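Indexing begins at 1, ligand by ligand and atom by atom, following the structure's order. As the structure is a prediction and not an experimental result, all values here were calculated from the model. Reckoned from all heavy atoms, side chains included, excluding hydrogens, waters and symmetry mates.
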Amino acid sequence: MSNDRQVNAETPLEERPPKIDAPAQAAGGVPAVVSTLRKAVGEMGILRSLRVLKQVNQKDGFDCPSCAWPDPEERHLIEFCENGAKAVADEATLKLIDEEFFKTYSVRELSHQTDHWLAQQGRLTRPMLLDVGSEHYRPVEWDTAFRLIADELNSLASPDEAVFYASGRTSNEAAFLYQLFVRQFGTNNLPDCSDMCHESSGRAMMETLGVGKGTVTLKDFELADAIFVIGQNPGTNHPRMLATLQQAVRRGCRIVAINPLPEAGLIRFKHPQELSGLLGWGTPLASLFLQVRINGDVALLKGIMKHMLETERRQPGSVFSLEFIDRYTTGYREFIDDLDATSWDLILEQSGISREEISKAAEIAISSERMIVCWAMGLTQHRNAVANIQQIVNLLLLRGQFGKPGAGACPVRGHSNVQGDRTMGIWEYPTKQFLDRLEQVFNFKPPQKPGYDTVAAIKAMHEGKVKVFIALGGNFLSATPDTRYTAEALRRCSLTVQISTKLNRSHLVTGKRALILPCLGRTEIDLQASGPQFVTVEDSMSVVHPSRGWLPPASAELLSEPAIVARLAEATLGARSNVRWRYLVEDYDRIRDLIEQTIPGFEDYNRRVRAGGFYLENPTRKLKFNTPDGKARFTVHPIPIQNLRPGQYLMMTVRSHDQFNTTVYGLEDRYRGVKGGRRVVFLNPEDVKEAGLRPGQMVDLISSYDGIERIARGFRIVEYQIPRRCAATYFPEANVLVPVDAVAEKSNTPASKSIVITIRQS
Ligand SMILES: Nc1nc2c(c(=O)[nH]1)N[C@H]1C(S)=C(S)[C@@H](COP(=O)(O)OP(=O)(O)OC[C@H]3O[C@@H](n4cnc5c(=O)[nH]c(N)nc54)[C@H](O)[C@@H]3O)O[C@H]1N2
Ligand SMILES: Nc1nc2c(c(=O)[nH]1)N[C@H]1C(S)=C(S)[C@@H](COP(=O)(O)OP(=O)(O)OC[C@H]3O[C@@H](n4cnc5c(=O)[nH]c(N)nc54)[C@H](O)[C@@H]3O)O[C@H]1N2
Ligand code: SF4
Ligand SMILES: [Mo]
């Protein structure tokens, strides 16, 4: 039976139209400084802002809770960017949600507020229970909450009827305890946000290189001759990457940007911490910008490699690293045969890029001894996402861009510890080696059957196969596809539990009963029996380092994530577990000792991490490929053909400059010139004209998939420099349009950047 509190799962309509300005020509500069200060001081006041921001990314401070871009060896006084500061301010805000708040507002009333409003209400301060039939959350004691969850879990017919989600802000320590608890409980149902993020990268690289992580370090960026940035908007999502790119450009490195949008940060950058950046024109970054069609990357990369092949044929030995290919790879012949069989017409048509532009990119690759390719969600969220990334691997293999400084593959991770969480075993598909280690160290038989990933978990809830849903962070309802379907899935659960810092829509769309368990954030002092604790995280380039909070907690009632997991485990497993949960949480060194015993690469963990951190070795750097035959693999992929019928557009969902995933900080997408609203659809001016539409007009967006129509209402048309027949909207507003079945092959990642839509006048 589904519960119905008449809660609205979707983001509400907007009353006023947004204001549209011309897009910015450069990222950073004075507006970045102004925006940083406005948000920081608005949330925290001046003194607190100064005190907190000074600790971001410092060696004795806390890790920026926003993205996973690494910190340099040498730290400056200011080691954060505009969006890092916003993330910190959002957590360290002085606003608090108290008991009165939930007495005042029912979940139904809250659900009609925007995500922006929800995020502005401040920090959650007490455990809260939404009981069967009730419309208001009420306070509950921690012990009662843990007992309630334990009783629900222990009354399930099978441990597989529970799902344990995690989001990527969770520390290594909390993540390790969480997966240990879940596996001792008896299931591998450990989906995480990575399933919607870089899962395609992990899959693609594991198959071809034998490793699921990036192969470069920050040092390599100082040595590369060329850096390709594909399907990524660093100016907004990894802002300090621009400073790294700027340094590279200044010493002569060439940047190739491949993106359907001319994102401000890719074109020109004004370093906010340099006087010239504040006053001048900034540094042009990309020496070549290829405005590819949405999902035209397989075609484009094939074109680049076909040009390289033609040059190699004219001057044998001048382009390809044949010795490297011969010694370290397989599949070269099939790969070349496929390139030969691929027609230029198809490449040009599907990529939308001219032969001349393709040859420019190829010439940069040919003339670069050392090359790095970076990518993010623009490649991972398509049906053929794994193929996209394997084409990058092909490109790098052709010129032997592995096992040497200044070269390699760089999937740029999103959440600040999403990579670490996987290393700690948050994965529905654990390796046999990992499970064997758990068995040896903890003396229990871990479940062997793979668990549900994010999409499978939604379906299992919808089918009634899962009854309890627990989330360690994140905003499952809004981050996942197919909002209406997912809402129904969550409503069918008997209990949903959110371990969170801030209010979000997943607290409102719930199972029959729901709990909010409020936790400490990164910025806060984590005091346990042995004294203040630090936690550890792993950045996008495999560096593990400490993070220590400095602020008094937002409320005395908050527990740390490791403490919540430990108490939950204790309440649920009781005498069934041989782990001394509370003892571990008294001193996080004890958790790290167990991680050291279980996971390779963490030798001498406590000492090395106190000394500042350490790098987790990546075997590909020594040309060791952990594939079945020990070789890196070339792979063959057909060009995906996008046959759009008249009136159809291919839509991607992207982030604005004023949000962190589903947390909306504000309504200003400064670089794209959109202010005061988020329900917009970016279209090419020619398409707008051809369809008889006009800028500013209100329309409904419709996706038709497998005979089902999904509608997102009340979007305004914005004319933008985007390829013909392509459209862009913001995430999470447009997630209602992403069918739960539209996923990437092999990685099962929602294809939220390739949704076919039509547009109807409202
Ligand atoms: N401030 C801030 N920082 C963040 C986040 C945030 O929300 N806000 N989120 C964090 C997380 S979890 C992640 S995963 C990262 C996300 O970082 P990004 O991947 O940069 O985020 P998106 O906004 O999804 O942008 C995708 C980019 O890919 C382009 N793109 C879309 N489709 C295609 C395509 O088919 N081909 C190509 N070549 N390009 C395409 C889009 O135009 C856009 O520039 O950022 C992290 N950092
Ligand atoms: N259409 C579309 N959908 C997408 C994407 C897209 O590009 N397009 N991107 C996908 C990607 S890349 C990702 S990573 C996912 C993100 O999916 P999630 O990670 O599930 O979502 P977030 O919005 O990052 O989660 C925000 C919530 O986390 C909680 N939180 C913040 N800090 C902490 C903390 O320290 N501890 C705890 N316990 N909770 C905390 C807060 O309550 C906040 O409301 O979304 C995916 N969904
Ligand atoms: S680049 Fe990412 S990690 Fe670094 S300060 Fe900015 S948001 Fe934080
Ligand atoms: Mo992500």
Note: [X]-[Y] ion pair, threshold 4.0 Å (strictly below):
X: R522; Y: E91; answer: no
X: E524; Y: R548; answer: no
X: E538; Y: R413; answer: no
X: E733; Y: R679; answer: no
X: E43; Y: K86; answer: no
X: R293; Y: E349; answer: no
X: D297; Y: K753; answer: no
X: D90; Y: K39; answer: yes

Polar proximity ligand 2 side, [X] side, N/O cut 3.5 Å exclusive:
X: M377; result: no
X: N475; result: yes
X: E91; result: no
X: G474; result: yes
X: T480; result: no
X: R522; result: no

Looking only at heavy atoms, is any part of [X] under 4.0 Å from ligand 2, and if so is it the side chain, the backbone, or both, or is it neither?
X: T501; value: both
X: N735; value: side chain
X: H415; value: side chain
X: C519; value: side chain
X: S752; value: side chain

Check whether any side-chain heavy atom of V664 sits under 4.5 Å from a side-chain heavy atom of W117, and report yes or no.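 No, their side chains stay 4.5 Å or more apart.
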
Taking the side chain as C-beta and beyond, is there a heavy-atom pair between Y452 and V163 under 4.5 Å?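 Of all side-chain heavy-atom pairs linking V163 with Y452, at least one is under 4.5 Å.
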
Report the part of V654 (side chain from C-beta onward, or backbone N, CA, C, O) that has a heavy atom under 4.0 Å from ligand 1; answer both or neither where that applies.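 Both the backbone and the side chain of V654 come within reach of ligand 1.
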
Can you tell which of [options] gets a heavy atom nearest to [atom]?
atom: atom 29 (C) of ligand 1; options: I722, V418, N233, N259; value: N259
atom: atom 27 (C) of ligand 1; options: G265, S351, G231; value: G231
atom: atom 46 (C) of ligand 1; options: G84, G414, S416; value: G414
atom: atom 23 (O) of ligand 1; options: M196, Q232, R655; value: R655
atom: atom 37 (C) of ligand 1; options: D297, N295, V229; value: D297

Quick test: of every protein heavy atom, which one is nearest to [atom], and how far off is it to 0.1 Å?
atom: atom 32 (N) of ligand 2; answer: R169 NH1, 3.0 Å
atom: atom 47 (N) of ligand 2; answer: A479 O, 2.6 Å
atom: atom 16 (C) of ligand 2; answer: N661 ND2, 3.5 Å
atom: atom 42 (O) of ligand 2; answer: K502 O, 2.7 Å
atom: atom 4 (C) of ligand 2; answer: F731 CE1, 3.2 Å
atom: atom 31 (C) of ligand 1; answer: M652 SD, 3.0 Å
atom: atom 8 (N) of ligand 1; answer: Q659 O, 2.7 Å
atom: atom 26 (C) of ligand 1; answer: K753 CE, 3.6 Å
atom: atom 44 (O) of ligand 2; answer: N504 ND2, 2.7 Å
atom: atom 38 (N) of ligand 2; answer: E561 OE2, 2.7 Å
atom: atom 18 (P) of ligand 2; answer: Y165 OH, 3.5 Å
atom: atom 14 (S) of ligand 1; answer: C197 SG, 3.1 Å
atom: atom 34 (C) of ligand 1; answer: G378 O, 3.1 Å
atom: atom 45 (O) of ligand 1; answer: N237 CB, 3.3 Å

Ring of F660, cation from R169 - is the NZ or CZ under 6.0 Å from the centre and inside 45° of the axis?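 Yes, R169 sits over the ring of F660.
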
For ligand 2, which atoms, with element, lie under 4.0 Å from some heavy atom of S167?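 Counting atoms of ligand 2 from 1, those under 4.0 Å from S167 are 18 (P), 19 (O).
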
Could you check whether any heavy atom of R413 sits closer than 4.0 Å to an atom of ligand 1, since that is the contact criterion I want to use?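 Flag not set, R413 not near ligand 1.
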
Quick check against the 3.5 Å criterion: does [X] have a side-chain atom that pairs as donor or acceptor with the backbone of [Y]?
X: R710; Y: T483; value: no
X: D658; Y: E668; value: yes
X: Q350; Y: Q642; value: yes

Interfacing atoms of ligand 1 (cut-off 4.0 Å, heavy-atom, [X]):
X: E263; answer: 42 (O), 43 (C), 44 (O)
X: I294; answer: 35 (O)
X: L261; answer: 42 (O)

Could you tell me if the ring centre of F164 sits under 6.0 Å from that of F469?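 No, the ring of F164 stays outside the 6.0 Å limit from the ring of F469, centre to centre.
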
Going by the side chain to side chain donor-acceptor pair (under 3.5 Å) test, name the single residue among R672, E263, E82 that passes it with H657.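 Only match with H657 under side chain to side chain donor-acceptor pair (under 3.5 Å): E82.
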
More than 12 heavy atoms of other groups within 6.0 Å of Q721 CD: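 It does not: Q721 CD has 12 such atoms or fewer within range.
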
Apply salt bridge (charged side-chain N to carboxylate O under 4.0 Å, His left out) to residues D669 and R678 and explain how you reach the verdict. CA-CA 9 Å; D669 195 4; R678 297 177 45 89; over 6 Å; no

Do we see a donor-acceptor contact under 3.5 Å between the side chains of D195 and T454?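 Per modelled atom types, D195 and T454 side chains form a pair under 3.5 Å.
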
